[in-house]
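Have a look at the structure below, then the notes.
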Amino acid sequence: MAKTKGSSKKQQNRGIDFKVSNSTIVLPEQSVVSEKAGLALSKKGLTLKELLQHTSHHNAKVRKESLFSIPFEDALMGMKDLFLKHPEEIKLHRYAVIEKLRERISDDDKTVRENLYQLLKSVILPGCKEDNQGPVISLMMAYIFNAMTHLSIDIRLMAFKFFDLAVEYHPPLFFSFAEKILQNYEDILRKNQFYLEDKGKLKNVLAGLVRCLLLLPSSKEVNLLAKNVPEQKILQAFEPDVPTVFAEYSVIIKKLKNLVPVLVNCFQDFLPVLHDSLDAQSFDCMLNILRSLDHAVTFFIHGVQQGHPEPPPLDQSFSSVLLKKLLVVFPLSPMHHLSEKDDDRYVILNIAITEIFMHLSEWICPPAVLFEKFLTFVEYVLVEKSCSNVRSGKAVREKQISTLIPFIPKLVSRVIGNWKNRLLQAFTKTFQDCSPESSVKLACLAAIEEIIISQEDLLCTDVNDSGQFDYKITLVRELPKLLVLLGNRHPSSSKVVLHLLLRLGQRSLLYDDMQGSLKEFYSTDQDKGNICYGPFLRLARDSQELSICCLYYLSQLDSTLLKSIASCCLCQELDPFMLFRIIEVLHSTYKAGHIQISDHINFLITLASRYKVCPGKFRMISPFASNFGSIAYVMGDNSLVFVILEKVILEQLSLKPPLDNSCAMLRILIALDSKPTRLSEQSICSLSNVLSAYLIDVAHCVPEYNDESTIHGQTRRYYLLPSFILFDRSYKLLNLVLNVMGSLINGRSSSLLSGDHIRYAKGHSSIINAIVSVLLWMQRDAKVQQILYLYKEEIDHISRSICSLQKIFLESCGSEAPHISWLNSLKHDVYDYGYLDTKLILNFPANRGKLERLLDKVTYNCKSQTWKRQTALMVYGDLPWWLGMWKRI
């Protein structure tokens, strides 16, 4: 029975086991993957939420027993990977991330705290830098302050590192918690003798304190905005309804009074180290202590200034601590010979103590013996004298001396007797010896301004002491040399020098013997006419203008310096705006009596005659040509100036300058001339030859268009206007020009001089064609047209000369041996250039028709019936077949 029952039960179980179900098997892994689709993941496939959950528990053992068994360090690394790969995640979830991670600021595990610090420093806070970090930082402050009072010393020290990081990314944070922060620094520094055997930890604490105190306003930096603290007042109260900042000053000053003795005691604890060897960590700690004390002193002085109209003496307890416990140990020196590196450290510490003394001595009267010690040290550092107690290397001098330079002006004003000259001598030597691009040079420039300008009256107190004036002159004369040495490699330094020169000039402290060095700054002449340009051309426009403005304050500009400046003006690299500015400033300098009239005229004429106009910018010279004219007009007695310029301009025009330069000089001439003209008879005769060649060149170079509104029409008008104005002022000049043109057509020897003045129109046919164009342009001008009616004989002579020329040419065109030499030249011009010039007078009926109408108008207005003209030139008849081909071309 039992067997049967057992058998049936077994069969029943088997039947159940063989049933097949159609249900889908769902794996947990598949659901997790589907949930993470589209989410930002770390390299191990974890989301930010999972990583944060792993870090949330307060117990490290529990965190290690979490679902994925990922160590906390790996979770932080996963966050770092995720944030670097998806930086937008930081901005989207920064508050949630900080709320989770801030709990680990007081973590018992040192590795956890260090990894969290590195994650905040390298990834999270930099990722939120563009946003307002105030709310983000504020989320951590309660946990940081809690860690600062932790029983564990390591956690307390690490808390100061977190706070230092928070202040670095959000400086106004310090002012919101200044009282609490300073109290925490005081507490931890008081207990250094118990647990700060590790100097590296003390170094971190002191570095954070320096960062905080550096944010305080001081007598050196009154405006906190200069320290790049955005949108914050100097001190921000805990409550916004505090009426003034004096309450905040009083709170911080009270805390600093308590903190300063603690810092001094901490510094004294390191003094035994000085007798053996000054290791790097001890040096860093001592330097940070001294910097903290210096910031405290400067803030205290500033607070007193802000709180009282007349600053009272410093608090006796505050100053006595510094005098009796810190300053009395100056200068720090080793007991035996050390390496140069160790010597450098002693010099740096002594300089830091000197800074404290200099700031403190503004409000107390230090003992004379102590003052003498610091003066001796300052003099030594400046000149690198041999000293039995302290030795300094050049590297330290270059890096650290700039911290002492700002105190030199005040020391010079305070000391008496021989020390004034000794300090000026040491300062002058430092300024001369340091490299142009060094920070020491910039510091010296600021000190020079204060010594020479701000304390000018003090330097003049002792009239019998010429040494002070000698140093002042030496310093000023070094400035132009410094400009040349700086070149264009250090534009910011050059700008500082130029600003200083300008301020010195405004106080009449520039010397004429500086012009030799200034000439090198602009340009110098070399062999074979080459020009070596100085730094001026390569500096920015504002620096160029500063240098030009300095010239105004020289009592007498030398002609060689003007020549150097003129060479820069002629350089194509110079900005046109600066060219006009130079002309303007130099003219003002002339009006002030600092430039001779002859030198000023030579400068203007040099620019007008030699300035090269770039292709396509033919009117570039027009603005300053007009400017020249207006300048020349107000240079003084117009008659005297005109006599000087008349001769100079005619000499320059006879040298065949380019059209633009000739036009510029003619415009200067007409600006000084009047109606009737002031030109002498000799000048009119000379000008007729020059002006004839000028007009022919204009006609040859400028295409002829009837429409005056086109660019060619405006260009032609620009070039012709000076000549037309001269014709209106002197009819004789027009008469002579017409005679010269007629002589040029006939090829007479008397016209050779005018032909030599022609620069562009080469060849007889080109000259003839240009003459006809000039006559037609004259006819279009209303004033010149009226004058032309008086010289019908000269125009008729030109017409008949062209007719005769055409007749001879047509008769001799096929001759192999023409009997007129100049006709052979004309034939050569036709064969060689006729196919290029479609406006030759011999084959362009339109010009002949225009000339005929011109002659008709002249005849009509003169009412002369006896003026018979040859019509061969005017009437277009049957021409040879080759001349018709020229016409078609």
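None of these values were measured; they are calculated from a predicted model. Excluded from the calculations below are hydrogen atoms, water molecules and symmetry mates; all remaining heavy atoms, backbone and side chain alike, are included.
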Check whether any side-chain N or O of [X] sits under 3.5 Å from a backbone N or O of [Y] as a donor-acceptor pair, and report yes or no.
X	Y	value
Gln515	Asp558	yes
Lys495	Ser543	no
Tyr694	Ser723	no
Lys612	Gln572	no
Ser559	Asp599	no
Gln544	Phe536	yes
Asn288	Asp284	yes

Any heavy-atom pair between the side chains of [Y] and [X] that's under 4.5 Å?
X	Y	result
Leu557	Leu554	yes
Leu216	Leu213	yes
Leu483	Ser494	yes
Ile451	Tyr471	no
Asp673	Ile725	no
Asn661	Pro658	yes
Leu424	Ile408	no
Phe431	Leu482	yes

On a heavy-atom basis, which atom in [X] and which in [Y] lie closest, and how many Å separate them?
X	Y	value
Ile582	Ile565	CG2-CG2, 3.9 Å
Ala352	Leu287	CB-CD1, 4.1 Å
Ala447	Pro409	O-CG, 3.8 Å
Leu574	Cys569	CD2-CA, 3.6 Å
Ser609	Pro657	O-CB, 4.1 Å
Leu607	Leu570	CD2-CD2, 3.9 Å

Quiz item: Considering residues at least two apart in sequence or located in another chain, which fulfil the ring-ring contact (aromatic ring centres under 6.0 Å, His included) criterion with Phe724?
Solution: none
Quiz item: With under 30° as parallel and over 60° as perpendicular, where do the rings of Tyr590 and His587 fit, or are they tilted in between?
Solution: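 Rings of Tyr590 and His587: parallel, as their planes differ by under 30°.
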Practice problem: Verify the ring-centre separation between His594 and Tyr553: is it less than 6.0 angstrom? | Solution: no
Quiz item: Is the shortest side-chain N to carboxylate O distance from Lys563 to Asp525 below 4.0 Å?
Solution: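 So Lys563 pairs with Asp525 through a salt bridge.
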Quiz item: Below 4.0 angstrom, N of the basic side chain to O of the carboxylate: do Arg581 and Glu545 qualify?
Solution: yes
Enter the distance from [X]:[atom1] to [Y]:[atom2] here, rounded to the nearest 0.5 Å.
X	Y	atom1	atom2	answer
Cys549	His499	SG	NE2	10.5 Å
Arg503	Glu449	CZ	CD	4.0 Å
Gln425	Lys420	CD	NZ	15.0 Å
Leu562	Asn602	CG	CG	9.5 Å
Met578	Cys568	CE	SG	11.5 Å
Asp470	Thr428	CG	OG1	10.0 Å

Exercise. Kindly indicate, with the supporting measurements, whether the criterion side-chain contact (heavy atoms from CB on, under 4.5 Å) is fulfilled by Leu404 and Ile351.
Key: CA-CA 7 Å; Leu404 291 180; Ile351 289 176; 4.1 Å; yes
For residues 517-524, dump all side-chain donor-acceptor pairs below 3.5 Å to protein atoms at least two apart in sequence or in another chain.
{"from": "Tyr522", "atom 1": "OH", "to": "Ser547", "atom 2": "O", "distance (Å)": "3.2"}
{"from": "Ser523", "atom 1": "OG", "to": "Ser564", "atom 2": "O", "distance (Å)": "2.7"}
{"from": "Ser523", "atom 1": "OG", "to": "Ser564", "atom 2": "OG", "distance (Å)": "3.2"}

Quiz item: Do Ile448 and Ile453 pass the side-chain contact (heavy atoms from CB on, under 4.5 Å) test, and can you show the C-alpha distance, the side-chain angles, and the key distance before you say yes or no?
Solution: CA-CA 8 Å; Ile448 289 174; Ile453 297 177; over 6 Å; no
Quiz item: Ile605 pairs by side chain to side chain contact (heavy atoms under 4.5 Å, CB included) with which of His600, Glu651, Arg610, Gln652?
Solution: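 The single option meeting the side chain to side chain contact (heavy atoms under 4.5 Å, CB included) with Ile605 is Gln652.
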Over 12 non-hydrogen atoms of neighbours within 6.0 angstrom of [atom1] in [X]:
X	atom1	value
Arg414	CZ	yes
Arg538	CZ	yes
Tyr533	OH	yes

Quiz item: Regarding Ser555 and Asp512, is there a side-chain donor-to-acceptor distance under 3.5 Å anywhere?
Solution: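 Short answer, yes.
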Quiz item: Could you walk me through whether Leu510 and Met514 pass the side-chain contact (heavy atoms from CB on, under 4.5 Å) check?
Solution: CA-CA 8 Å; Leu510 296 182; Met514 299 165 49; 4.0 Å; yes
Self-check item: Derivation of the side-chain contact (heavy atoms from CB on, under 4.5 Å) call for Phe407 and Lys410
Solution: CA-CA 6 Å; Phe407 299 106; Lys410 291 183 179 179; 5.8 Å; no
